[in-house]
**Student:** 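Sending over a structure as structure tokens; questions will come in a sec.
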Amino acid sequence: MPKKPSSEQLGSQQDIEQVRALILGKENHLVKETIKKEARHTVSHVLTEALHDRQNQDGSVDKVLQPLVEEAVKHSVNHNRERLVSSLYPIVGSLVRKSVTAFLADFMEKTNQLIENSLTIKGIKWRIKAWQSGVSFAQYAASQTFVYRVEHILLIHRETGLLLKAVDLHDNGKSTADLISSMLTAINDFVGDSFLANEDGLKEQLQSVSTDNFSLLIKPGPCALVVAAVIGNAPQKVSDQLQLTLEEVHRLYLEELNNFDGDDLPFDNSENLLRDCLLSEEKSLKKNTGTMSWPAWVLAGILVLFAAFQVITWFGNQQLADRIRQLDLQPGIILKQLNVLGHDEILLDVLRDPDAITIHDWFQTNGLSMDAVKLSERRYFSLDPDILYRRAQQLLKPYPDLNINWQNNILILSGTLDLLNTEKLLNALSVAGFSEEVNLNTRQLGSVSAIAPDNEPDIKQHVFNTLIGRISSVQFDFAVASEEVTPKMQLLLQSVYQDITRLIPLAKELNLDFALVVIGSSDKSGNKTANRALSLNRAQNIAQALIQLGLSKKSIFVTGLGQLDIARVGDTARAVMLNVLVTSKAIPQARSR
Amino acid sequence: MIQKKICLLGASGVGKTSLVKQFVEGIFNEKYLTSIGVKVDKKIISLAEQQVQLMLWDIEGQDRYHVFQERYLRGAAAYIIVVDQTRTISLRQGIDIHTLARQSTNCPAILAVNKNDLPAAWRLDEDEYASLAPLFDLHFSTSAKTGEQVEAMFLAIAELLHGNKKNDITT
Ligand SMILES: Nc1nc2c(ncn2[C@@H]2O[C@H](COP(=O)(O)OP(=O)(O)OP(=O)(O)O)[C@@H](O)[C@H]2O)c(=O)[nH]1
Ligand SMILES: [Mg+2]
């Protein structure tokens, strides 16, 4: 395949030659002549760049130049020995010096590592590894511990100390790099002048500056310095790379360095060269991902055991917590917070009704120990039915004649009790959380009308007043436009009736007369006269219901207020209120009351 | 970016450090802490077409050991001889330093007669001035305390250097 096109190419090459000859004819040599004249100028413009580019492309320039340069050097050595030696002398001298320092640095590094590691577990491990792989311990140790990272590279103009280019690992600009450059140069100048020149007549040069966190490695060249800021223990490799880069910079930018006038633009492209120096090495990362060492196994084992232990204790704690949580089901006890930190530390925060079982007793009956419990207990008043019943039992203890029935969480009392005690009991029960209709039924509780003769009139008066107060506070609420007495009202009517029957004997004994005033009202909606009628009907219906229960019609006065034009309640004032009017039997006494 | 190395030279206590501090940070301090070695500071100056970063080398007073450390002058684009107008001797010392500096560089030299907020201890007559002025490319009467002529001086230096460079290109 490739042959055919090549013969074709050859053909077309000839064609072009022919065309050229046809067009230019005899003038061909003229064109060539002109190009030749300009060639020197044209090529000189691009020669350096072209070489640079080509070298970057395939490195072929080196290969071509190398024999030429070798030849030239040979020639120089033969004919110009003196000059060559004097120019090479400084380089050779510093190379020797450099290798000596490098050797010393290397030696120090290794020694430090040896001292640091020989007595540790790692050290022992390394000894074994080194023995296994057949190298000396020192070699192995050195290979293991070079951990470093080059953070910044600065290229500094030797003469002015100005920063030409800075690159760093994290690309965060050259904020202080230019100051560092100048200061380093200043220090370098200072060192150079302050110490005696060494035997080869060269001024001392700073090679490195160290701080706690990093060290600056400095490679001085004739026109520029390369400085590396290194974290950790930089190996010789870094130094070598710096040297290479420095030489490369001098090779490529010699002209720019010599003509430097403060503009760093021509050095922009040195970035790639400098980046080669951003070397780093991470500490035996592969070791960790590969097989695990025995301490790691031990550690892992311990971790697993620890985790298992944690799970078991957690499980145990959880079970204990579940048991203690049952406490919340106990009537009269509310579990606010439970924190089982372990079998020896339990934080328990509860609310407890005084009538409920004590926490201590509960723990005992449930076979749990209180030893580890940190208890914080506060009192509260519970309306749990069990507690209410327990409370009622206690309240009813002084009245053994009464029958107590506890059904569906309702306390049903039956039997007879004198009026005074009835009042006392009912009061106590209401304080204890009982209320008629909700959880108390006293309909079968009959009162003995006769009051013991030794009862003081004051006490009777007090009971009388209490009853009147209770009756007067009763209010029946009606639905919109309704005058119907609902079954719900019946309960209330019943209690009003009972109160009034209790009132009758007391009034007699206190020499008083009383009458029940039944007052109806209506809301603002609708027509005024209709509302008046409605309110009266409501009152009448309530009065009728009381009469049906057995109250005397004579002692009831019924009235309707009509609609109530009062801002707040006007819209909802659909009610019947009760009031009791009391008078003394003797007329003059009534005046005084 | 264009960078220029500028050195401040002069006898001790004439206000080299103060001038740099005033120019870079806008701060002046009465307290005198004598400099040792070199302290480099930088400030970017915006010229019409370009920005120039001045690297200011504040060098210790040159009379202390009676030696002039010309090593710091290497590569400088210009140097400022600072003298203290309250001390006549500082002018003489400044001229001495200038003479020495001329042996190692021929970059532009600027004279800064500092502390102009204080009464002057000397008066230059016409002849003296005429003999002094040509020694320097620019001269200023500055005060690091009030800031008078400080910014102007550095700006003028930056322009001078930038102009020099442009001339280089055109010629
Ligand atoms: N009033 C006044 N005082 C100044 C001025 N400049 C400097 N000083 C004072 O002069 C003293 C010396 O100033 P520096 O700036 O430290 O002098 P220096 O030239 O750096 O001195 P060395 O570092 O020792 O060479 C300080 O106390 C300053 O406060 C100025 O313009 N006016
Ligand atoms: Mg100073």
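Just so we're on the same page: letters track the sequence lines, and every chain starts at 1.
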**Student:** List the atom of Glu159(A), the atom of Lys5(B), and the distance in Å for their closest heavy-atom pair.
**Tutor:** O-NZ, 4.2 Å
**Student:** Where is the tightest heavy-atom contact between Arg158(A) and Arg74(B), given as atom of each residue plus distance?
**Tutor:** O-NH2, 4.1 Å
**Student:** Please report the interatomic distance CG(Asp261(A)) to NZ(Lys4(B)), rounded to the nearest 0.5 Å.
**Tutor:** 4.5 Å
**Student:** Does Arg92(B), at its CZ atom, have more than 12 non-hydrogen atoms belonging to other residues, nucleotides or ligands within less than 6.0 Å?
**Tutor:** no
**Student:** Applying the side chain to side chain contact (heavy atoms under 4.5 Å, CB included) test to Leu163(A), which of Met55(B), Gln3(B), Lys42(B) qualifies?
**Tutor:**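 Among Met55(B), Gln3(B), Lys42(B), the one that satisfies the side chain to side chain contact (heavy atoms under 4.5 Å, CB included) with Leu163(A) is Gln3(B).
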**Student:** Any chance CD of Glu151(B) has more than 12 other-residue heavy atoms, nucleotides or ligands included, within less than 6.0 Å?
**Tutor:**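 At most 12 heavy atoms, drawn from other residues, nucleotides or ligands, come within 6.0 Å of this atom.
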**Student:** Decide if atom CD of Glu25(B) counts as having more than 12 heavy atoms of other residues, nucleotides or ligands within a radius under 6.0 Å.
**Tutor:**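 Buried by this count: over 12 neighbours within 6.0 Å.
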**Student:** Around atom CZ of Arg54(A), are there more than 12 heavy atoms of other residues, nucleotides or ligands at under 6.0 Å?
**Tutor:**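 For Arg54(A), atom CZ is not crowded (no more than 12 foreign heavy atoms under 6.0 Å).
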**Student:** If I take atom CE from residue Met1(B) and atom CG from residue Asp263(A), how far apart are they, to the nearest 0.5 angstrom?
**Tutor:** 10.0 Å
